[in-house]
Amino acid sequence: MYRPFRRNHGILALGFASAFLLLQGCTPGKPRVDDCPAGKVCLRAGNGVEVLSLDPHKVSGVGDHRVLLDSMVGLTMADASDKVAPGAAERWETSADGLTWTFYLRDAVWSDGVPLTADDFVFSLRRILNPATAAEYASLLYPILGAQAVNEGKAAPETLGVRAVTPRILEIRLEHPAPYLLQLAKHQTMYPVPKHVVEKYGNAWSKPEHYVSNGPYTIVSWKLGDRIRAVKNPRYWDAAKVCVDQISYYPTTDNITAERQVRNGELDMNADIQSNRIALLREQMPGYVRTHTYLGVSYLTYNNSVVALRDVRVRRALAMAIDREFITKKLMRGGQQPAYTFVPPGVANYQAVQPPEWAAWPFEKRQAEARRLLAEAGYGPGRPLRIEIKHRNSADPSLIMPAIQADWKSIGVEARLAQNEPQIAYAAYRARDFEVGDAAWVADYNDPMTFLYLMNSTTGAQNYGDYKNPAFDALLKKADNEPDAVVRAGYLAQAERIMLDDATIAPVFFYVNKNLVSPRVTGWIANLGDIHPTQFLCVKGSPKAPAA
C-alpha cells in the first residue's frame, strides 16, 4: 500500500473545493469545534490527506484505508495489535493442498439491516477484478483462480474461483497456495461491498447519503476539505464492545499545524509527525509521541522509457551516490534506517538478503565508483547527465530530496526537483509521466511477496518503472507454488537479489510509523502495520472507559 494519492479526475475537484473554502475564510484540514452529542464518546483523528473515495475498490492509499478500516470488515479483520482475527467469517478451513479455502460467515447484517451473505463477497471480488472497475489494486488478488484472466478482460467475471456454497458459506479456490491469504482477507481489496446498494446506485453507492457498511461504524457525512464523520453502527455484531460513538477524520496535510491541534486538544491524534521534530515533541509533549518499527520502504523508481535510465550503470551510479546515513541520522532523526535492500527487516517468513557490496564502502569510494560508471556510460563534465526527480511535497520527501540532489551533483549529475502533492505525484507515476520518482510502499500483509510482487511484469500500474525480468518473474512463480516455507523464502530472496543487481529502484530508507496520540486515548497498541481500529480505542474520563 503506497502513501496517499489521488486519481487525475479528482485533482481539480480538490483544488476548486479548497479554493472555495479559502474564499469563505476556512482553512482546509483545520478542525472546527466538534459537535459531540451529549453523553457520547467522540474521537477526532488527523488522517493526513483528503480521502479519495469511500469505495474500497477505488482506493489504495494509507489514509483511505484508515477510514475504511473502521467502516468495513473482510472475512478476517485486524485485532488491536494488527493480528489476524475472525471478521465476517467466524471460522475457515483449507484443503490439504492449500488451494481451496472455505469460510463460514457469522450471522451478520449490513448497517441497513439487510443480511450479509456469501453472495456479497462473490459480487465484490468479481467487481474489483472486472476491468470496467479499473481497480488499481486488483493485481493483489491474482492468487485467486482465474483472477488475472478476469482482470485482463480475457475471461468473464463469473469464471472467477469464488462461489457461494450457501448464503453463509463462501468457497475460494486459488491458482497456487497462498500462505498469506488470511492476512490478505483483512485487506480492503477483499472487503465486501453491499450488492443490493451497488446495484441500485452504481458507483454513487459510496456517497454518504447511500453508504451502507458492515463494520463497527458507518459514514454519515463528508465535507470536502473539512472532515468525514462516522458513527457507531448499532447493527455491528460486536457493537456492545465498541466504546467510541463518533469519529471525525480530518485531512491534516500540514503536520506542524496538526501537531498544534493535538497539543491544544482540537485533535485527539494525528497519523504522522515530521521526523526531525520527534525528539523535541517527546520533551514538549510527554506521552504523545508513538513510534514503532514499520513494514515500509521509501525508494526512488526509474522510468525505463528514459533512454539514460535504461543503462544499468547509470542506475547503479545514482543509487550508490545517495548518502543514506546522512539522510536518516542527520536530517530525519526519527528512527528510520538506511535501506540498501527493498524488503524491510521484520517481514515474516523471510531472511533479509545481503545488501550490494558497495553499501559497506566509505561514501567517498562510492562516489568515485559512481563517477566511473557514469563516465563508462558516456556522461561526464562535457556531457552531464540531466535528470528530473519528481517527488511528493509531504514533510519527509521535501526534507531529503535536496540532499539527494546535492549527492548527485557531487558526481556530476544535474538533477532538478519537481515537487507535487502526493496525489498528483502518484498519478504521474502510474501514467509514467516522470523520469525519477520518489515513492514508498507499506506492506498490505506481513509477507515478502507484498513488496516483491510490485516488480512483477504482470503487476501493471504500480510497477512504476515497468521493470521486466523473466528470471525474477519465474522465481516469484516458483515461490507461489512452493509449500515449504523455507524453500519459498529462498526463492523470494533470489528474486530480490536479481532485482537489486538490476538496480531497477534505489531504496533510500526503511520507515518507522509515527503517530501523535493524546494520552486520553486508551487501547492504542503500537504494531508493525500501524493499524489501529477505532473499535478497540476509548477515551479516558468517558463513561465507557475501562477501569484503570
Side-chain angles (χ1 to χ4, degrees), residues 1-2 60 94-101 125 128-129 131 135-155 159-162 172-185 187 189-190 295 297 299 301 304 312 341-344 347-354 441 443-505 507:
M1 183 181 303
Y2 51 76
S60 60
T94 182
S95 60
D97 60 8
L99 295 178
T100 302
W101 289 73
L125 290 168
I128 189 173
L129 287 162
E136 184 183 350
Y137 241 157
S139 61
L140 200 64
L141 301 177
Y142 282 6
I144 298 176
L145 186 66
Q148 184 172 348
V150 170
N151 190 230
E152 293 176 350
K154 298 175 181 177
T159 65
L160 186 67
V162 294
I172 299 179
R173 291 175 293 145
L174 304 180
E175 294 274 3
H176 53 75
Y180 47 84
L181 183 67
L182 292 179
Q183 292 205 45
L184 186 56
H187 186 261
T189 49
M190 289 188 69
L295 298 184
V297 61
Y299 64 100
T301 180
N304 194 50
V312 68
T341 57
F342 191 52
V343 179
V347 170
N349 308 310
Y350 198 57
Q351 182 65 46
V353 300
Q354 288 295 313
W441 193 258
D444 292 309
Y445 49 90
N446 193 351
D447 188 272
M449 190 63 82
T450 190
F451 291 93
L452 297 177
Y453 101 100
L454 289 173
M455 304 303 162
N456 196 310
S457 61
T458 64
T459 293
Q462 292 170 332
N463 181 354
Y464 304 129
D466 286 322
Y467 176 61
K468 294 179 177 65
N469 186 318
F472 177 87
D473 290 353
L475 282 164
L476 293 194
K477 187 172 183 179
K478 286 179 73 173
D480 279 339
N481 290 281
E482 177 53 59
D484 186 292
V486 175
V487 176
R488 174 180 180 269
Y491 290 145
L492 293 174
Q494 290 178 51
E496 185 178 4
R497 177 80 275 143
I498 288 173
M499 183 193 77
L500 293 173
D501 288 345
D502 286 343
T504 185
I505 58 165

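Thr100 is not listed as a side-chain neighbour of Thr94, based on a closest heavy-atom distance of 4.5 Å or more. For the pair Arg173/Leu99, no side-chain contact is recorded, criterion being any heavy-atom separation below 4.5 Å from C-beta on. The side-chain heavy atoms of Leu174 and Ile144, taken from C-beta on, include a pair separated by under 4.5 Å. With contacts defined as side-chain heavy-atom distances shorter than 4.5 Å, the pair Phe342/Glu496 qualifies. Proximity of Asn469 to Met499: side-chain heavy atoms (C-beta onward) are nowhere separated by under 4.5 Å. For the pair Thr159/Val150, a side-chain contact is recorded, criterion being any heavy-atom separation below 4.5 Å from C-beta on. Pro131 is not listed as a side-chain neighbour of Glu152, based on a closest heavy-atom distance of 4.5 Å or more.
The two atoms that bring Leu295 and Pro344 nearest to each other are C-CG, 4.1 Å, heavy atoms only. Taking both residues in full, the closest heavy atoms of Pro448 and Leu492 are given as CG-CD1, 3.5 Å, listed atom of the first, atom of the second, then distance. Between Ala495 and Phe472, the shortest heavy-atom distance links the atoms O-CD1, 3.2 Å.
Salt bridge present: Asp501 and Arg497 bring a charged side-chain N and a carboxylate O closer than 4.0 Å.
The CG atom of Asn349 sits 7.5 Å away from the CG atom of Asn446 when rounded to the nearest 0.5 Å. Put simply, CG on Leu145 and CG on Leu160 are 7.5 Å apart, with the number rounded to the nearest 0.5 Å. Between the CG atom in Leu141 and the CD atom in Glu175 there is a gap of 12.5 Å [rounded to 0.5 Å]. Rounding to the nearest 0.5 Å gives a distance of 12.0 Å between OH of Tyr142 and NE2 of His176. With rounding to the nearest 0.5 Å, the separation of CE in Met190 from CD in Gln183 is 12.5 Å. Going from atom CG of Asn456 over to atom CG of Leu476 covers 5.0 Å, rounded to the nearest 0.5 Å.
Side-chain contact of Asp97 with Ser95: a donor-acceptor pair under 3.5 Å is present, judged by distance alone.
Partner of Tyr467 under the side-chain hydrogen bond (donor to acceptor under 3.5 Å, both in side chains) criterion, chosen from Asp473, Thr504, Asp502: Asp502. Paired with Gln462 under the rule side-chain hydrogen bond (donor to acceptor under 3.5 Å, both in side chains), one option of Trp441, Tyr453, Tyr137 passes, and it is Tyr453. Arg488 pairs with exactly one of Asn481, Asp480, Asp447 by the side-chain hydrogen bond (donor to acceptor under 3.5 Å, both in side chains) rule, that one being Asp447.
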Could you go step by step and tell me if Asp444 and Leu184 meet the side-chain contact (heavy atoms from CB on, under 4.5 Å) rule?
CA-CA 7 Å; Asp444 292 309; Leu184 186 56; 5.6 Å; no
Decide side-chain contact (heavy atoms from CB on, under 4.5 Å) for Tyr464 and Ile505; before the verdict, give the C-alpha distance in whole Å, the side-chain angles of both, and the deciding distance to 0.1 Å.
CA-CA 10 Å; Tyr464 304 129; Ile505 58 165; over 6 Å; no
Decide yes or no on side-chain contact (heavy atoms from CB on, under 4.5 Å) for Tyr445 and His187, but give the supporting numbers first.
CA-CA 8 Å; Tyr445 49 90; His187 186 261; over 6 Å; no
Please test Tyr299 against Phe451 for side-chain contact (heavy atoms from CB on, under 4.5 Å), starting from the C-alpha separation and ending with a verdict.
CA-CA 12 Å; Tyr299 64 100; Phe451 291 93; over 6 Å; no
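Looking at Gln148, its side chain never comes within 3.5 Å of a backbone N or O of Ser139 through a donor-acceptor pair.
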